[in-house]
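Below, chain A is the first sequence line, B the second, and so on; all start at residue 1.
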Protein chains: 2
Amino acid sequence: MTITNSNSIGKWISVLYRYSQIYIDKELKSYNIGPGQFPFLILLLKSNGITTQDWLSKCLNIDKATTTRALTKLERSGYITRKVNPIDKRARIVTVTDKAVKLKPILHQISETWTTKLTAGFSDWEKELIATMLEKLAGNAEHIIREELSIDEK
Amino acid sequence: MTITNSNSIGKWISVLYRYSQIYIDKELKSYNIGPGQFPFLILLLKSNGITTQDWLSKCLNIDKATTTRALTKLERSGYITRKVNPIDKRARIVTVTDKAVKLKPILHQISETWTTKLTAGFSDWEKELIATMLEKLAGNAEHIIREELSIDEK
DNA sequence: AAAAGATAATTGCATTTGCAACCATTTTAT
DNA sequence: ATAAAATGGTTGCAAATGCAATTATCTTTT
């Protein structure tokens with residue numbers, strides 16, 4: 001018998017996910033950036049030009065079809081450009097524009113404000129701890145799903 | 001300057017959310033229960049007949065329109081019934097069926113297996129800790145969104 | 001060098017979701 | 001007692017999302 005508090009981890013993850021979507025949506029609506037684009041833009045601002053769409057998908061665990069569409073929207077809104085990689089014509093080189101770079105501080109501020117308010121009452125040490133723990137959970141989750149997939153492939 | 005690890009909490013939450021959706025979808029597809037119904041069914045199995053749809057929505061932070069649809073699907077699949085509350089005709093009394101009760105052990109097992117694998121490498125103490133911390137985060141998130149709403153209402 | 005397999009990205013399709021607007025009923029205020 | 005406000009739930013609509021299939025290109029095998 002192991003009915004413990006920890007079984008609600010999944011519930012809180014999903015609740016938190018929905019809150020964060022609502023928050024991002026409110027904060028970024030005026031920039032024509034939705035919760036579906038936000039993580040891509042943040043990631044691209046960190047790793048400009050040095051990544052494939054597929055890598056973005058894997059890094060964020062977002063379906064590659066969704067990635068295509070998110071980047072299409074970001075491109076239409078003028079935050080990124082995509083050109084075919086001449087070395088590998090299947091791939092695209094995704095580059096952030098000046099418009100995106102100018103927005104970078106605001107994006108980070110929104111992200112930081114959210115984190116700060118979210119972790120109100122936590123010590124700095126606890127903040128680091130929970131981030132580290134979540135990262136570990138995500139690693140485990142990836143492992144679980146990958147294993148399930150490989151079982152299916154039998 | 002506060003660029004720390006903790007700023008990625010949001011990222012990991014969203015990554016974990018998507019993994020969990022994939023997992024639940026795979027595990028429960030054969031029962032005709034999707035990730036959108038799962039949390040409701042779990043919650044209803046705990047608090048049968050003693051809740052409104054609105055309470056479910058608030059508890060899980062899920063839009064009430066989505067709640068209506070999730071319950072409609074659960075009803076069609078035979079896991080719950082809804083009747084108008086004679087005391088308050090606006091409200092519905094949601095009751096789980098025998099079919100749902102029979103499924104309860106399986107649902108809990110799926111939930112437990114996910115949690116166990118997700119927290120692989122964590123001590124029991126750490127498992128409790130992360131659940132507690134996530135609950136706190138969710139409480140803070142609710143607070144943030146509620147405050148933002150009340151500002152908009154000015 | 002050609003065929004088979006893998007990889008990067010896109011498109012089609014169906015499903016899910018949230019916001020707004022709405023209806024019905026109950027509660028509160030006057 | 002009636003009007004106004006609040007509450008529980010549903011529906012319309014548009015946007016987002018994931019899976020599967022497809023295209024194009026590159027890599028590996030033979």
Once you apply a heavy-atom cut-off of 4.0 Å, does A:Thr68 come out as touching a base, just sugar-phosphate, or nothing? base
For A:Lys29, answer base if it contacts any base atom (sugar-phosphate contacts may also be present), sugar-phosphate if it contacts only those atoms, and nothing otherwise; contact means non-hydrogen atoms under 4.0 Å. nothing
Could you say whether B:Asp25 or A:Gln37 is positioned toward the 5' end of DNA chain D, judged by the nucleotide with the nearest heavy atom to each? A:Gln37
Starting from P on D:dT11, measure out to CZ on B:Arg92 and report it in whole angstrom. 10 Å
B:Cys59 and B:Leu43: side chain to side chain contact (heavy atoms under 4.5 Å, CB included), yes or no, with the steps? CA-CA 9 Å; B:Cys59 183; B:Leu43 197 51; 3.8 Å; yes
On DNA chain C, which is the earliest and which the latest nucleotide, 5' to 3', with an atom closer than 4.0 Å to a heavy atom of chain A? C:dA6 to C:dC19
Scanning both residues in full, the closest heavy-atom pair of B:Leu45 with B:Ala100 reads CD2-O, 3.9 Å
Touch check for A:Asp63, heavy atoms < 4.0 angstrom, all strands: base, sugar-phosphate only, or nothing? base
What is the distance, to the nearest angstrom, from the CD atom on B:Gln53 to the C1' atom on D:dT10? 9 Å
Can you list every side-chain hydrogen bond (donor to acceptor under 3.5 Å, both in side chains) pair that touches residues 86-100 of chain A, not counting sequence neighbours? A:Asp88-A:Arg90
Same cluster for B:Ile93 and B:Val101 if Ile/Leu/Val/Met/Phe/Trp/Tyr side chains link at under 4.5 Å? no
State, to 0.1 Å, how close B:Trp55 and B:Thr51 come at their nearest heavy-atom pair, and which atoms those are. CE3-OG1, 2.8 Å
Close N/O contacts between protein and nucleotides 25-27 of chain D (under 3.5 Å):
| residue | atom | partner | partner atom | Å |
| --- | --- | --- | --- | --- |
| D:dT25 | O2 | A:Arg90 | NH1 | 3.4 |
| D:dC26 | OP1 | A:Lys89 | N | 3.0 |

Looking only at the side chains, is there a donor atom on one of B:Arg18 and B:Ser14 sitting less than 3.5 Å from an acceptor on the other? yes
Integer-rounded Å distance: D:dC19 C1' and B:Ile24 CD1: 17 Å
Could you tell me if the side chain of B:Thr67 sits less than 4.5 Å from the side chain of B:Leu60, heavy atoms only? no
Nearest nucleotide by nearest heavy atom, which residue falls closer to the 5' end of DNA chain C, A:Ile93 or B:Thr66? A:Ile93
Whole-Å distance, B:Gln21 CD to D:dT17 C1', equals 11 Å
The test is side chain to side chain contact (heavy atoms under 4.5 Å, CB included); show your working for B:Ile9 and A:Ile130 and say whether it passes. CA-CA 8 Å; B:Ile9 290 175; A:Ile130 187 134; 3.6 Å; yes
With a 4.0 Å cut-off on heavy atoms, is A:Ala65 in touch with a base, just the backbone sugar-phosphate, or nothing at all? base
Let me know the distance between NZ of B:Lys83 and P of D:dG9, rounded to the nearest Å. 14 Å
Separation of D:dT10 atom P from B:Leu56 atom CG, nearest Å, is 11 Å
Rounded to whole Å, how long is the line connecting atom NZ of A:Lys73 with atom C1' of D:dA16? 9 Å
B:Val94 versus B:Thr81: any side-chain heavy-atom pair under 4.5 Å? no
Check this for me: does the side-chain of B:Arg69 come within 3.5 Å of the base of D:dG12 through a donor and an acceptor? yes
